[in-house]
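One structure below.
Note that ligands are numbered from 1 as they come in the structure, with each ligand's atoms numbered from 1 the same way. Just so it is clear, the model here is predicted, and its values are computed rather than measured.
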Amino acid sequence: MKKKILKLQEEFNHRIAEIKDNEKLEKLKNEYIGRKGYITQMLKEIVTVPKEDRPEVGQLLNKVKKNIQQIIFEKEKSLAEHQEESKKIFDITIPGKNFKIGNIHPIDLILKQTQEIFLGMGFRFVDGPEIELDYYNFEGLNISKDHPARDDQDSFYITPDVLLRTQTSPMQVRTMEKQPPPVRIISTGKCYRRDSIDSTHAPMFHQIEGLAVDKDITFSDLKGVITEFCQQVFGKDRKVRFRPGYFPFVEPGAEVDVSCGLCKGKGCRSCGYTGWLEIMGAGMVHPNVLEMAGYDSEKLTGFAFGMGVERIAMLKYGINDIRLFFENDLRFLSQFK
Ligand code: PHE
C-alpha cells in the first residue's frame with residue numbers, strides 16, 4: 001500500500017508537469033482528489049491494511065493528499081497569471097498608450113530657421129556671453145558713458161563695468177577683435193533690459209545679430225541679404241523697406257520694415273494702417289567701431305543688423321502677447337510644429 005501511495009505521488013508529479021490549460025488541470029484534479037478520485041479510493045482501501053500499519057499508511061496518504069492539493073493550487077495560480085500575461089501581450093483591442101512628444105519652442109524654431117538661412121548665405125554662427133563687459137555692450141559700439149542712447153537700453157548692472165547684455169551687438173566687437181577680415185557672422189541669444197512686462201515687452205528677450213565686413217561691402221549688400229531673409233521667413237510676396245534710423249554704431253543707420261502680410265501693404269489694424277511692420281535695426285558699420293576693434297576703416301566697410309526674435313515670431317505666427325512665450329502653457333506651445 002505504501003508503495004502504491006508513493007507511486008501515485010510520482011505519477012501525479014509527471015502528469016501535472018505536462019499540463020498547460022485549465023481544462024486538463026480540472027480533469028487531473030478530479031482524477032486524484034475528486035470525490036471518486038484515487039486518494040478517496042485509497043482512503044477506503046486502508047481497511048485492508050494490517051491494523052498496526054494503518055496509522056503510518058494513513059499519515060502518508062494524508063501527506064500525499066495535502067501535497068497534491070498544494071501543487072494543484074499553485075498550478076491554478078500560475079495558469080491564471082500566465083493567462084493574464086498573454087492577454088496583455090495579445091489583446092490588440094486595448095487602446096494604445098499615448099506618448100506625448102514634445103515640440104520645439106517657437107523662439108527656437110525662429111532661431112533655427114534664421115541660422116539655416118544665414119548659414120546658406122555664407123555666414124558663420126558665433127556664440128557669446130550674456131554677462132557682458134560695459135566695454136563690449138556700449139563703449140566698443142561707439143556708445144560712450146554719457147551717451148543718451150544708454151537711456152533707451154536701461155540695463156541690469158552687476159558692477160559698474162559688468163552688465164547683462166542689452167543687445168547681441170557686442171558680438172560684432174568681440175568677433176572683429178578675434179579674427180581678421182573678412183567677417184560674415186550671425187549671433188543669437190538672450191538679452192536683458194529693465195523694461196516692465198506688458199504685451200510687447202519683457203525684461204528678457206532674444207536677438208539675432210548679423211555682421212559682414214570686407215572690402216567693398218555696400219548698402220545694397222545689406223538690402224539684398226535682408227530682403228532674402230525676410231522673404232524666406234515671411235514669404236516671397238513680402239516687400240522690404242529701409243527708413244533712416246539712428247544707432248550709434250552704424251552710419252547710415254536704418255529701421256527695416258516688412259510689408260504687412262494681412263493687408264498686403266494696403267493698411268489695416270494690425271499694421272497701424274501703415275502697410276508696414278518694423279522688424280529690425282540695421283546699417284553700415286560706423287568707422288569708429290571698425291577702428292576700435294583694430295580694423296582699417298579706410299580699406300574696409302561692413303553692414304550690421306539686429307532684430308528681436310520674439311517680434312519676428314509674433315509677426316510670423318500672429319501672436320499678440322509676448323508673455324505667451326514665457327508662460328509655458330502647453331495649449332500655446334504645442335501649436336508649433
Ligand atoms: N542692437 C540694436 C538694438 O538692440 C539693433 C541693431 C543691430 C541696429 C545692428 C543696427 C545694427 O536695437
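Ion pairing of Asp329 with Arg331 is present here, as a side-chain N (NZ or NE/NH1/NH2) and a carboxylate O approach within less than 4.0 Å.
Contact annotation: for Cys191 versus ligand 1, there are no heavy atoms closer than 4.0 Å.
The aromatic ring centres of Phe305 and Phe118 sit less than 6.0 Å apart. Ring centers of Phe242 and Phe219: under 6.0 Å apart, within the cut-off.
The closest approach between a heavy atom of Arg193 and any atom of ligand 1 is below 4.0 Å. Using a 4.0 Å heavy-atom cutoff, Gln172 is listed among the residues neighbouring ligand 1.
At under 3.5 Å, a nitrogen or oxygen of Gln207, whether backbone or side chain, sits near a nitrogen or oxygen of ligand 1. Looking at Gln167 next to ligand 1, an N or O pair under 3.5 Å apart turns up. For a threshold of 3.5 Å applied to N or O pairs, the pair formed by Thr166 and ligand 1 contains no separation below that value.
Interface of Glu209 with ligand 1, defined as ligand atoms under 4.0 Å from a residue heavy atom, comprises 7 (C), 9 (C). Each of the atoms 1 (N), 7 (C) of ligand 1 lies under 4.0 Å from some heavy atom of Ser169.
Checked by atom type, the side-chain pair Glu26/Asn30 shows no donor-acceptor distance below 3.5 Å. In this model, a donor atom of one side chain and an acceptor atom of the other lie less than 3.5 Å apart for Tyr136 and Glu177. For the residue pair Tyr32 / Glu11, a side-chain donor-acceptor distance below 3.5 Å is found, with atom types taken as modelled.
Of all protein heavy atoms, the one lying nearest to atom 7 (C) of ligand 1 is Gly306 N, 3.3 Å.
Met42 and Ile5 get closest at one heavy-atom pair: SD-CG1, 4.0 Å.
Of the candidates Phe303, Phe205, Phe247, Phe249, it is Phe249 that places a heavy atom closest to atom 11 (C) of ligand 1.
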